[in-house]
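Here is the structure we will look at, set down as structure tokens.
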There are 2 protein chains.
Amino acid sequence: MKRIGIKDLARLLSLNVSTISRALSGHPDVSPETRERVLDAAREFNYHPNLHARFFRKKNSGLIALVLPELNSFFIPELIQGVHDAVEKKGYNVIMFISGDSPEKEAEIMDHCLSWVAEGVLVSVSNRTVETGHFRAIQSAGIPLVMLDKVIHTADFSTVTINDHSAAWSATEHLIRSGCRKLLGVLGNPGLEITRERAKGFADCLEARGFLPEMSRIITIENIASGEEVLMEEVIRGGYDGIFVMSDELLLFVYPALAAAGLYPLKIRLAAISDGKLPHAIFPQVPYVQHSGYQTGRTAAEKLLDEISGKDPAIRHFTSGINLVYPR
Amino acid sequence: MKRIGIKDLARLLSLNVSTISRALSGHPDVSPETRERVLDAAREFNYHPNLHARFFRKKNSGLIALVLPELNSFFIPELIQGVHDAVEKKGYNVIMFISGDSPEKEAEIMDHCLSWVAEGVLVSVSNRTVETGHFRAIQSAGIPLVMLDKVIHTADFSTVTINDHSAAWSATEHLIRSGCRKLLGVLGNPGLEITRERAKGFADCLEARGFLPEMSRIITIENIASGEEVLMEEVIRGGYDGIFVMSDELLLFVYPALAAAGLYPLKIRLAAISDGKLPHAIFPQVPYVQHSGYQTGRTAAEKLLDEISGKDPAIRHFTSGINLVYPR
DNA sequence: CACTTTTACACAAACGTTTGCGGAAACGTT
DNA sequence: AACGTTTCCGCAAACGTTTGTGTAAAAGTG
């Protein structure tokens, strides 16, 4: 029942602890025979190194902290998977924190990261965060920090996002090419950079294609509960023939509302930004600009690992590739 | 830049390390004035306790390991959230592992849990796992282990699942009550307990309601790519007026296929088991029996915490509540 | 006042592991 | 045979924290 340690093995084999340690870590200073003896004993008594003791002594932790505002988003699982795959390959483990979209909680979590001696921090910033002091504290402790998905653009942190402007542009252009002449943009939380960028992409595309101001409109859905009402009122009054939907979360209620009103697919076209699951599930399939959560997570983690190993200490801002997916 | 420790504080305040430690942990053996001095200094030099050192000394880790086969499922994020909420309340942290559905990887992960001195392990078992030796190893090291969602039913481990039999029964009964007279069950991987239970619930309900064998059929979709073909062939030949869909993953392609063929919602009714996101997104909304990933994760984590604190060491099998959700 | 008790701190050991250093034995070279 | 080298292992310190024990000084007690 008692956990067996390096000392126990030493006693059992009448060797010194240092020899056991070196045998297990493949140090050349130990003969092949004793190495075998040690490995056999370790297996027999199923020895497992105490990582707390090891990391405590070696002053690193093998931990990458992943901080997320919440988990309900569509592409978060893929993001986690991407992070996980990247860090696992280098022998790191992931310790996960959830800020619940609270800046105070986020600050607490940063303290936790310091306490855990995380070797790197990946953070998708809470929607309500404006102050970045708690992030800076991490950095000034010498711990690399990379923001992903939901980011704050400053010169202090590396970031990985999808190219929101271009994604929105691309989806909008698809609507125009399909023949739409009056467009509505449905957007989320206006405080987020992601929203502003997508709104800008939508607007810029319209301007570039010669749309007059009265030929398009943007509405903001902040409260999902009352959103449907707001949406339908605008749709009925506006006479739109195309709607750009900024996210899966919004598509989740825009589609059924329009379908129930008999507007989709007959009177109104849709185009969305999505990871692809939801548009594929509804009928007729909604064209969408795909953004990969996996890619986002993976890129961010790899950049973080580069910073940890000192390979690329520069602050960089990545945008992951996007591509338009038409209904089959 | 250098990390500041308890010793540094001691030197700065010309106190002994033990006094610092006790001051920070609120031990009564330290006067209010010095406690204040210590706390002030800790804040000023932003001291953060080294958890590796602490846990190493105290022989616990504050870590709960969460082991999942993969992250693509619909209700996994909610499950994670449920686990997270429950353990966080007790001051634990979550360290996450992904087995990629490989039993070998799963065994490796169990070793990792031992090395991390996890205080408890939550595991959703890989689809391909048959041997439970690696789980037993965890237990014999004195670490509680609870299985959730995807479980193996033995007398050795506590489990938390949804009540698959009853959920399937309930969905099936809904179809019958709605007037369906020829039913198809669409099921997933037949190797999983979850599939067998849901198949049984479907069949048992039909039998109880007096359906003759020729009035229903079950098909198994193992490969999602070729699934649509299999499904449509059966549907066209069978003349069904109701389909029971076992999971979100399956609904994801059953719905568009039927809709494209003009069968849903006109000729065929659907009923599913789901966490509720997807059925809400499609139109007309599909009635579903709701199972909560959040509840599953939370219940499992709470049971685990009880076992850790010695409050309820008995092996128990929980099934979380379910309820039928009609379209609005 | 002489005593016991309490208060508030210091001292030091321990947790499991890694690692620089030292050294005996074996081997290789003249 | 005398020396230098290499091989293989032991010794002991160190990492940051907690905690049992020791102890002066202060406070309480009769």
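To find a chain, count down the sequence lines: A is the first, B the second, and so on, and within it residues start at 1. Below, each value reflects all heavy atoms present in this structure, side chains not excepted, and no hydrogens, waters or symmetry copies.
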d(CZ, B/Phe55; P, C/dG16) in whole Å: 16 Å
Sugar-phosphate only, base, or nothing, as touched by A/Ser31 at under 4.0 Å among non-hydrogen atoms: sugar-phosphate
Strand partner of C/dA25, provided both Watson-Crick or wobble distances fall under 3.5 Å: D/dT6
Presence of B/Thr19 side-chain N/O under 4.0 Å of C/dA8 phosphate oxygens OP1/OP2: no
Stepwise side-chain contact (heavy atoms from CB on, under 4.5 Å) check, A/Ile152 with A/Glu193: CA-CA 7 Å; A/Ile152 294 178; A/Glu193 180 125 351; 5.8 Å; no
Nearest-0.5 Å distance that lies between atom CG in A/Asp275 and atom CD1 in A/Ile76: 10.5 Å
Whole-Å gap separating P (D/dC9) and CG (A/Leu24): 13 Å
Whole-Å gap separating P (D/dT18) and CG (B/Asn60): 11 Å
Derivation and outcome, side-chain contact (heavy atoms from CB on, under 4.5 Å), residues B/Phe97 and B/Glu106: CA-CA 9 Å; B/Phe97 300 96; B/Glu106 206 171 58; over 6 Å; no
5' priority, DNA chain D, between A/Val17 and A/Thr34 [closest heavy atom]: A/Thr34
Aromatic plane relationship, B/Phe55 with A/Trp116 - under 30° parallel, 30 to 60° tilted, over 60° perpendicular: tilted
Phosphate OP1/OP2 of D/dC11: any A/Asn16 side-chain N/O under 4.0 Å: yes
Under 3.5 Å donor-acceptor, A/Ser158 side chain and A/Arg316 backbone: yes
Length of the line joining B/Arg3:CZ and D/dC15:P, which is rounded to integer Å: 14 Å
Shorter than 3.5 Å, N or O on both sides, protein versus nucleotides 22-24 of chain D: list them out with atom names.
none

Side-chain donor-acceptor contact under 3.5 Å, B/Asp8 with B/Tyr47: no
B/Arg57 side chain, from C-beta outward: closest of C/dT17, D/dG10, C/dA13: C/dA13
Any B/Ser18 side-chain N or O less than 4.0 Å from OP1/OP2 of D/dT17: no
Closest listed nucleotide, where the reference is the side chain of A/Lys7 and the choices are C/dG16, D/dC8, D/dT17: C/dG16
OP1 or OP2 of D/dG16 under 4.0 Å from side-chain N/O of A/Lys59: yes
First of B/Glu33 and B/Ala53 reached from the 5' end of DNA chain C, by closest nucleotide: B/Glu33
Aromatic ring of B/Phe56 stacked on base six-ring of D/dT17, 5.5 Å, 30°: no
Nearest-angstrom distance from the residue atom CD1 of A/Ile20 to P of C/dG16: 15 Å
Among D/dC11, C/dG16, D/dT19, the nucleotide that comes nearest once only the side chain of A/Arg22 is considered: D/dC11
Length of the line joining B/Ile6:CD1 and D/dC15:P, which is rounded to integer Å: 14 Å
Nearest-nucleotide comparison on DNA chain C, the residue closer to the 5′ end among B/Pro28 and B/Lys58: B/Pro28
Interatomic distance, A/Arg54 CZ vs C/dT19 P [rounded to whole Å]: 10 Å
Parallel, tilted or perpendicular, as decided by the 30° and 60° cut-offs, for the rings of B/His52 and A/His52: tilted
Parallel, tilted or perpendicular: rings of A/His317 and A/His153 (30°, 60°): tilted
Euclidean distance, atom CG of residue B/Leu13 to atom P of C/dA8 [Å, nearest integer]: 17 Å
Sugar-phosphate, base or nothing in reach of B/Ser14, heavy atoms under 4.0 Å: sugar-phosphate
